Amino acid sequence: PKESGATARKESGATAPRVDDETILTWGSGSPGAPRVVVIHGLGDRPESYVDAFSNSGLDAEFLAPQAPRRHGAGYSWFTFEKGQTNEDFARAVATAEAELAPRLAARTGGAPYVVTGFSQGGILSFALAARRPDVVACAVPIAGSLPGALLPTRKSPPVFAVHGADDAVISAVYGRATVDAFRAAGGVAEMDEVPGVGHALPSPLRARWLARLRQCLTLAQGGAHP
């Protein structure tokens, strides 16, 4: 089933999004020197779903939202997770998706650092990029994600501030906590906010924490100190 993401709609004053670089949606140019934020959609969703939330967030950044390569219902999918799939197979699927996505982002950013965030499959890939590309990921805000054991970091990674619904029945917050613990054990700054009463969705209480953590990431990306 399609994951529950934000809904896009046109708003007065919002920067009109454009598509370039192999279906990477971009909007919000930001002030000179403002960081880039990569927003990764979830299963069955589209990049357009996040334009509304971030165009009206007041965040000073340029947003890049890549589209997954595989069709899934009315949207797209980054990888397949099938019933009975082993952890090893799942890790390979995520690793392949990350390896396909990273060069697309590098071509668009010129190899410059960026902040990465995303929901569910996008949260999983946000974790994966932070673990595997610490040279270009400045900070990560994974939402409702986790990593299989084979992809957990073995070296210090950029700061990770995860957000997870406490009642998530699709990707349990237990797995999110375990992933954050692994980032911390590898020497990085890693924290997770659990939002009570929230499942695998993006209601207002979770979106508020998401934006708060993203603001924190942007401060760090621009040279601010972690509190």
Side-chain angles (χ1 to χ4, degrees), residues 24 26 28 30 33-42 50 54 57 59-66 78 91 94-164 171 173 175-194 206 209-227:
I24 294 180
T26 66
R36 289 187 174 101
V37 176
V38 172
V39 183
I40 308 174
H41 68 76
Y50 299 89
F54 291 110
S57 65
L59 298 174
D60 184 19
E62 178 185 11
F63 293 92
L64 314 177
W78 295 100
V94 174
T96 298
E98 188 275 341
E100 292 172 349
L101 175 58
R104 288 176 61 193
L105 297 176
R108 179 63 180 80
T109 64
Y114 53 82
V115 171
V116 65
T117 190
F119 172 68
S120 196
Q121 280 198 349
I124 291 169
L125 286 171
S126 296
F127 273 129
L129 286 163
R132 306 183 85 188
R133 316 279 171 172
D135 53 329
V136 293
V137 174
C139 187
V141 185
I143 309 301
S146 66
L147 280 182
L151 299 185
L152 292 172
T154 57
R155 55 178 171 167
K156 184 177 180 180
S157 300
V160 171
F161 302 114
V163 182
H164 215 115
I171 301 176
Y175 299 123
R177 283 197 303 272
T179 301
V180 167
D181 288 345
F183 273 84
R184 192 182 303 117
V189 172
E191 302 172 5
M192 189 174 96
D193 299 332
E194 288 188 49
L206 191 142
R209 290 308 306 155
W210 186 358
L211 291 177
R213 285 303 199 174
L214 197 49
R215 285 189 184 92
Q216 187 176 7
C217 259
L218 291 173
T219 298
L220 292 174
Q222 292 178 300
H226 180 259

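Just so it is clear, the model here is predicted, and its values are computed rather than measured. Side chains are part of it too, since the values below use all heavy atoms of this structure and drop only hydrogens, waters and symmetry mates.
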Full working for side chain to side chain contact (heavy atoms under 4.5 Å, CB included) between Val189 and Phe183: CA-CA 7 Å; Val189 172; Phe183 273 84; over 6 Å; no
Mind running side chain to side chain contact (heavy atoms under 4.5 Å, CB included) on Leu214 and Phe54 for me, showing each step along the way? CA-CA 10 Å; Leu214 197 49; Phe54 291 110; 3.4 Å; yes
Go through Glu98 and Leu129 one step at a time and tell me if the side chain to side chain contact (heavy atoms under 4.5 Å, CB included) criterion holds. CA-CA 7 Å; Glu98 188 275 341; Leu129 286 163; 3.3 Å; yes
Chi angles and distances behind the side chain to side chain contact (heavy atoms under 4.5 Å, CB included) call for Leu151, Val94: CA-CA 9 Å; Leu151 299 185; Val94 174; 3.5 Å; yes
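With contacts defined as side-chain heavy-atom distances shorter than 4.5 Å, the pair Thr117/Arg213 does not qualify. Side-chain contact between Leu101 and Ile40: present, with at least one pair of heavy atoms (C-beta onward) separated by less than 4.5 Å. Here the side chains of Leu218 and Asp60 are not in contact, with every heavy-atom distance at 4.5 Å or above. With contacts defined as side-chain heavy-atom distances shorter than 4.5 Å, the pair Phe127/Val180 qualifies. Contact of the His164 side chain with the Arg177 side chain is not registered, since no non-hydrogen atoms from C-beta on lie closer than 4.5 Å.
Using a distance-only test at 3.5 Å, with no hydrogens or angles considered, a donor-acceptor pair links the side chain of Thr109 to the main chain of Gly111. Without hydrogens or angle criteria, Thr179 side chain to Leu147 main chain gives a donor-acceptor distance under 3.5 Å. A distance-only check finds no donor-acceptor pair linking the side chain of His41 to the backbone of Tyr50 [under 3.5 Å].
The nearest pair of heavy atoms linking Arg155 to Pro134 is NH2-CD, 3.4 Å. For the residue pair Ser157 and Ala131, the shortest heavy atom distance occurs at OG-CA, 3.9 Å. Across Ala112 and Arg36, no two heavy atoms sit closer than the pair CB-NH1, 4.1 Å. The minimum heavy-atom distance linking Ala221 with Pro35 is given by the pair CB-CB, 4.3 Å. For Val38 against Pro66, the heavy-atom pair with the smallest separation is CG1-CD, 4.1 Å. Taking both residues in full, the closest heavy atoms of Ser126 and Ala140 are given as O-CB, 4.2 Å, listed atom of the first, atom of the second, then distance.
Separating the CD atom in Glu62 from the CZ atom in Arg108 is a distance of 5.0 Å, to the nearest 0.5 Å. Taken from CD in Glu194 to CG in Leu206, the straight-line distance is 11.0 Å, to the nearest 0.5 Å. Remark: Ile124 CD1 to Ile143 CD1 distance equals 12.5 Å, nearest 0.5 Å. For the atom pair CG of Asp193 and CZ of Arg209, the computed distance is 4.5 Å after rounding to the nearest 0.5 Å.
Residues satisfying the ring pair (Phe, Tyr, Trp, His ring centres under 6.0 Å) test with Tyr114, not counting sequence neighbours, are none.
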